[in-house]
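Values in this document were obtained by computation on a predicted structure and should not be read as measured data. For the numbers below, each heavy atom of this structure counts, side chains included, while hydrogens, waters and symmetry mates do not.
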Amino acid sequence: MTELISQQIADLVTKAIKKAQKKGHLPAFDIPEIVVERPKQETHGDYSTAVCMGLAKYARMAPVKIAEIVVAHLPKADFVGKVEVAHPGYLNFTLDTGWVCRQVDAILQAGENFGRLDIGRGKRVQVEYGSANPTGPLHMGTGRNVVIGDTLANVLEAAGYSVHREYYVNDAGSRMRAFYETLYARYAQALGRDVPVPEDGYHGRYMVDMAAEIVAREGARFLEMPKEQALPQLGKLGLELILKQAKEDLARMSIHYDNWFSEQSLYDDGTFGRVMTILREGGYVVEKEGAIWFTSPNLPDDEVLIRSDGTPLYFASDISYHYNKFILRGFDWVIDVWGADHQGHVPGMKAMMPALGLHPDQLTIILYQLVTLRRGGEIVRISKRTGDIITLREVLDEVGPDAVRFFLLARTADSQMDFDLELAKEQSQENPVYYVQYGHARIASILRYAEEQGMADYVGGDVSLLTTPPEQALIRKMLELPEVLEQATTKLAPHLLPHYAQSLAATFHSFYKECRVISSLPEDRELSRARLKLVLAAKVVLARVLRLMGVAAPERM
RNA sequence: GCGCCCGUAGCUCAAUAGGACAGAGCGUCUGACUUCGAAUCAGCAGGCUGUGGGUUCAAGUCCCGCCGGGCGCGCCA
């Protein structure tokens, strides 16, 4: 478990202020949260805090003066090399060079676990992502959804949460019915019957292909039974095919779920009915205009749960679904990843939480802005209903899973993005993911070379020799990983990972250029052994980040 | 009309719960392979952070108004 350096520095500063107050060098005031950050500029040290500027008001002293007093009372710590006061009141900390060297050993010892945090304290969190009507192939919108969700799940796991990954299969409701009807029509057409695809059905080419596949496998037997009997049987086959394809696509992106949850099961096992009773007994239900509505003081307008024709809306099954998540399965925290086009449902979901005896904060809904698809500059609508879609599979084939994951991950969920398939193909070779992977492969190559040169015995190398600026810079960059994870966790911002990965790779490549790792000179032998440990540590950290992003860490490329 | 998100280098994007001279990649230009991988490195150029006010010691970041773009506002999903 890593204790964050930034946190340790914050603790030191807090102690210093308390001590100074006790001795009367600072007046009494409540100590605020000490924010410690990594300054952008090297000359400002490794860590910095601006807290003294904020204290000026309470202490009624100049910020610089406060900073000087804090420094004078700062407890000793082995990792702190230098503390400086900078105008107009910053406190800049530089890590001790020898301590930094020793972190190479610490990283190697931690290995796969380097950067692991305990923010989550084993709290059970479920991340639900990728969920969509299983009525067609996955597209780029789903791609963004799963990349955000899966990476976030990885991050939370690394931060000490017990993470459960779930895909919600919307296999009930009106969209499913339309899917069945479409499949029936295409199936019949494949056998020469003139059955039209329903207006609100799925007009994409893939339905034709799927029907053909079913005809090839099952023959005409579904036309020999009444339609109402054929529909569910045929639909089941179609659903299986869709899910199979989805699983294949997701597997290519290294995405694997703990559970695929069927919406239909909520109706089959009685959960739905039970939840409706709970809502009714809690006074959250009103009947009017022939329909059943959800009503809550936390919601400006009532929302329909069950239509006047008796069929439930997704809102109703979503409430049951979350009852299942929280009450039946006991998750402490649930994160749903939704496209921005679902934003209108967030207030309803938040409002239903108290109705189930839960706190709204236990449910986090991450909205990511939509992906606009282009093909050579022209906008392509992603609608399964009209059929003109660029499938995720197509993009995976053209661009490759690693580049796709990296591309989709590297932006904040809050900003919408353009994805031009033509441009992506062209640029796939320039994708920064290869820059990062190359760093990893390059180190692997160095380590292979070390073996060839009979230098495989570097485990006992003396890391205290790693004092030059490129070496120190590399170690310091590696030490950022835990803080990146902390930020990504607390802000639910997985996009921070690719940026860190690039920065780490850049620091490594720069080190590599300046520092010969394996020297043939006898007098450099000890330095070589130390540097071999350094690059091995860098490999560990690069691999860790790549894995967190769900991207391969190749030994060769 | 109301609500949510966005507007930062030519392009694609960062900027750590308000912090120091706004940073990367791609692209352009200039250099660097007779020893570990040149898918690399070093460097030049590129900005009134859409715009006008406000709050603050400090604003890309917070507040208000405009302009521009995306998405919502169903007994759809």
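Between the side chains of A:Tyr202 and A:Arg175, a donor-acceptor pair is found at a separation under 3.5 Å. Side-chain contact annotation: A:Asp414 with A:Gln369, donor-acceptor N/O pair under 3.5 Å absent. Judged purely by distance below 3.5 Å, without hydrogens or angles, the side chains of A:Glu483 and A:Tyr47 pair a donor atom with an acceptor atom. There is a side-chain donor-acceptor pair under 3.5 Å between A:Tyr321 and A:Glu166. Residues A:Gln487 and A:Thr490 have side chains that never bring a donor and an acceptor to within less than 3.5 angstrom of each other. A:Glu263 and A:Ser317 are linked by a side-chain donor-acceptor pair at a separation below 3.5 angstrom, with hydrogens and angles left out of the test. For A:Asn133 and A:Tyr314, the side-chain atoms include at least one donor-acceptor pair closer than 3.5 Å. Residues A:Glu471 and A:Thr468 have side chains that bring a donor and an acceptor to within less than 3.5 angstrom of each other.
When the C1' atom is used for both B:C4 and B:C41, the distance is 45 Å, rounded to whole Å. Across the C1' atoms, B:U55 and B:A45 are found 37 Å apart, a figure rounded to whole Å. Distance check on atom P: B:A22 versus B:G47 gives 13 Å, rounded to whole Å. Annotation: B:G19 and B:A59 have their C1' atoms spaced 10 Å apart (nearest Å).
Both distances falling under 3.5 Å, in either a Watson-Crick or a G-U wobble arrangement, place B:G25 opposite B:C11. Pairing partner, B:G74: none, since no Watson-Crick or wobble contact has both distances short of 3.5 Å. Searching all strands for a Watson-Crick or G-U wobble partner of B:C66 with both distances below 3.5 Å returns B:G50. Base pairing annotation: B:A39 forms no Watson-Crick or G-U wobble pair, as no partner gives both donor-acceptor distances under 3.5 Å.
Each of A:Leu367 and A:Leu370 was assigned the nucleotide of RNA chain B with the nearest heavy atom; the assignment lying further toward the 5' end belongs to A:Leu367. Summary of the strand contacts: A:Leu91 and A:Ile518 both lie near RNA chain B, and taking for each the nucleotide with the nearest heavy atom, the more 5' one is attributed to A:Leu91.
On a pure distance criterion of 3.5 Å, no polar donor-acceptor pair joins the side chain of A:Ser445 and the base of B:C36. In this model, no side-chain donor or acceptor of A:Glu37 finds a partner on the base of B:G19 within 3.5 Å. One N or O donor and one acceptor, one from the side chain of A:Asn92 and one from the base of B:A20, sit under 3.5 Å apart. For B:C71, its base sits under 3.5 Å from the side chain of A:Gln343 at one donor and acceptor pair at least.
Residue-level contact check: A:Tyr512 touches the bases, meaning some heavy atom is under 4.0 Å from a base atom. Using a 4.0 Å heavy-atom criterion, one finds that A:Glu480 contacts no nucleic acid atom at all. A:Thr412 comes within 4.0 angstrom of sugar-phosphate atoms only, judged by non-hydrogen atoms across all strands, and of no base. Among the heavy atoms of the strands lying under 4.0 Å from A:Ala410 are primed sugar atoms or P, OP1, OP2 only; no base atom is included.
Straight-line distance from the NE2 atom of A:His509 to the P atom of B:A42: 10 Å, rounded to whole Å. Atom OH of A:Tyr90 is separated from atom P of B:G18 by 13 Å (rounded to the nearest Å). Rounded to whole Å, the distance from CG on A:Asp414 to P on B:A17 is 13 Å. Atom-to-atom, CG of A:Leu409 to P of B:G25 comes out at 19 Å; the value is rounded to the nearest Å. Between the C1' atom of B:C57 and the CG atom of A:Leu55 lies a distance of 13 Å, rounded to the nearest Å. The NZ atom of A:Lys513 sits 5 Å away from the C1' atom of B:C41 (whole-angstrom rounding). Rounded to an integer number of Å, the gap from CG of A:Leu542 to P of B:A39 is 17 Å. Distance NZ (A:Lys539) to C1' (B:C36): 15 Å, rounded to an integer number of Å.
The side chain of A:Gln502 has B:A24 as its nearest neighbour among B:A24, B:C36, B:C21. Of the listed nucleotides (B:G72, B:C41, B:C36), B:C36 has the atom at the smallest distance from the side chain of A:Tyr449. Nearest to the side-chain atoms of A:Ala441 among the listed nucleotides B:C75, B:G37, B:A39 stands B:G37. With distances taken from any side-chain atom of A:Ser48 to the nucleotides B:C41, B:C71, B:A20, the minimum falls on B:A20. Nearest nucleotide to the side chain of A:Leu313, out of B:A20, B:C75, B:C41: B:C75. Of the candidates B:G37, B:C76, B:C6, the closest approach to any side-chain atom of A:Arg307 belongs to B:C76. Distance from the side chain of A:Ala291 is smallest to B:C75 among B:C71, B:U40, B:C75. For A:Lys40, whose side chain is taken as the heavy atoms from C-beta onward, the closest listed nucleotide among B:C75, B:C76, B:U16 is B:U16. In the set B:C21, B:G3, B:A38, B:C21 carries the atom at the smallest distance from any side-chain atom of A:Gln41. The side chain of A:Tyr438 lies closest to B:U40 when the candidates are B:A14, B:G25, B:U40.
Contact between the side-chain N/O atoms of A:Lys491 and the OP1/OP2 oxygens of B:A17 is found at a separation under 4.0 Å. Neither OP1 nor OP2 of B:G69 sits under 4.0 Å from any side-chain N or O of A:Gln369. Distances shown here put a side-chain N or O of A:Ser510 below 4.0 Å from the OP1 or OP2 atom of B:A42. Regarding contacts with the backbone of B:G7, every side-chain N or O of A:Ser415 stays at 4.0 angstrom or more from both OP1 and OP2. For A:Tyr435 and B:C41, the shortest distance from a side-chain N or O to OP1 or OP2 is below 4.0 Å. Close to B:A15, at under 4.0 Å from its OP1 or OP2, lies a side-chain N or O of A:His495. At the phosphate of B:C13, OP1 or OP2 sits under 4.0 Å from a side-chain N or O atom of A:Arg411.
Salt bridge annotation for A:Arg516-A:Asp524: absent, with no cationic side-chain nitrogen under 4.0 angstrom from a carboxylate oxygen.
With a glycosidic angle no further than 90° from 0, B:C33 counts as syn.
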